[in-house]
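Data first, discussion second: the structure below is written as structure tokens.
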Amino acid sequence: MLILLAFIIVFHITSAALLFISTIDNAWWVGDNFSTDVWRICVTNTTTCTAITDQFNDYQSIQAVQATMVLSTIFCCVAFLVFILQLFRLKQGERFVLTSIIQLLSCLCVMIAASIYTDRHEELHKRNEYNIEVSQGQYGYSFILAWIAFAFTLISGVMYLVLRKRK
């Protein structure tokens, strides 16, 4: 039982780490001489970064991605704290339903963020508002980590729903 508990905790911490990395790191859309994320656009050669502000036409889409990724990360961290509390507060045989609900909310948020970015990436990257040409890029590792975090949070949310507290 202790090994299962350790696996669940490591899996949850891995999910949170993936969410933190994909939210913070600057690699949602990358090219030969630039990288962009949901916060800024950076030119690789000169190491100058420009913040994405409301001067961009599709700023509302980026804001939705920003908000849902931050919410997803917060929900994942709260779910971990609730799980630790429920370890000590639940009676034997009860399920970790509250932890599961919060983790599934985290899963929903990261799915919404990655889906919005997937749908809107063409409009986001072919505008002339950027100082450099960013339309010839590809999805970066932060974007891929966001989808992996979606799978991890979904698996852990279902795992918490099925899991019962044992002695």
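In what follows, residues are counted from 1 in the order of the sequence shown. Note that the structure is predicted; figures quoted are calculated from it, not measured.
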For this session: Would you check, one step at a time, whether the test side chain to side chain contact (heavy atoms under 4.5 Å, CB included) holds for W147 with S115?
Result: CA-CA 9 Å; W147 279 112; S115 297; 3.6 Å; yes

Distance check, rounded to the nearest 0.5 Å: [X] atom [atom1] versus [Y] atom [atom2]?
{"X": "I21", "Y": "L145", "atom1": "CD1", "atom2": "CG", "answer": "6.0 Å"}
{"X": "L163", "Y": "L5", "atom1": "CG", "atom2": "CG", "answer": "8.5 Å"}
{"X": "I116", "Y": "M111", "atom1": "CD1", "atom2": "CE", "answer": "9.5 Å"}
{"X": "L71", "Y": "T23", "atom1": "CG", "atom2": "OG1", "answer": "10.5 Å"}
{"X": "S15", "Y": "L154", "atom1": "OG", "atom2": "CG", "answer": "10.5 Å"}
{"X": "L104", "Y": "S156", "atom1": "CG", "atom2": "OG", "answer": "7.5 Å"}

Problem set entry | Contacts of type side-chain contact (heavy atoms from CB on, under 4.5 Å), residue L98, not counting sequence neighbours |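 Counting only residues at least two positions away or on another chain, L98 forms a side-chain contact (heavy atoms from CB on, under 4.5 Å) with V82, Q86, I102.
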
Problem set entry | Within the 6.0 Å centroid threshold, strictly below: Y160 and H12 |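 Between H12 and Y160, which both carry aromatic rings, the centre distance is below 6.0 Å.
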
Problem set entry | Heavy-atom closest contact (V30 atom, G140 atom, distance) |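 In this case the closest contact between V30 and G140 is CG2-CA, 4.0 Å.
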
Got a donor-acceptor contact below 3.5 angstrom from the [X] side chain to the [Y] backbone?
{"X": "W28", "Y": "S22", "value": "yes"}
{"X": "S35", "Y": "G31", "value": "no"}
{"X": "S100", "Y": "F96", "value": "no"}
{"X": "T36", "Y": "I41", "value": "no"}
{"X": "N26", "Y": "D37", "value": "yes"}

Exercise. Got a sec, which residues hit side chain to side chain donor-acceptor pair (under 3.5 Å) with S61, two or more places apart in sequence or on another chain?
Worked result: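 Listed in chain order: R120.
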
For this session: Over 60° means perpendicular and under 30° means parallel, so classify the ring planes of W29 and Y139, tilted if in between.
Result: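 Answer is perpendicular, since the angle exceeds 60°.
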
Exercise. Between W39 and M69, is a side chain to side chain contact (heavy atoms under 4.5 Å, CB included) present by the stated rule, with each step listed?
Worked result: CA-CA 11 Å; W39 307 102; M69 283 304 292; over 6 Å; no

Exercise. I9, L18: one ILVMFWY side-chain cluster at the under-4.5 Å cut-off?
Worked result: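 Result: yes, single cluster for both.
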
Exercise. Do T153 and Q103 have side-chain N/O donor and acceptor atoms under 3.5 Å apart?
Worked result: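 Side-chain D/A pair, T153 to Q103: absent.
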
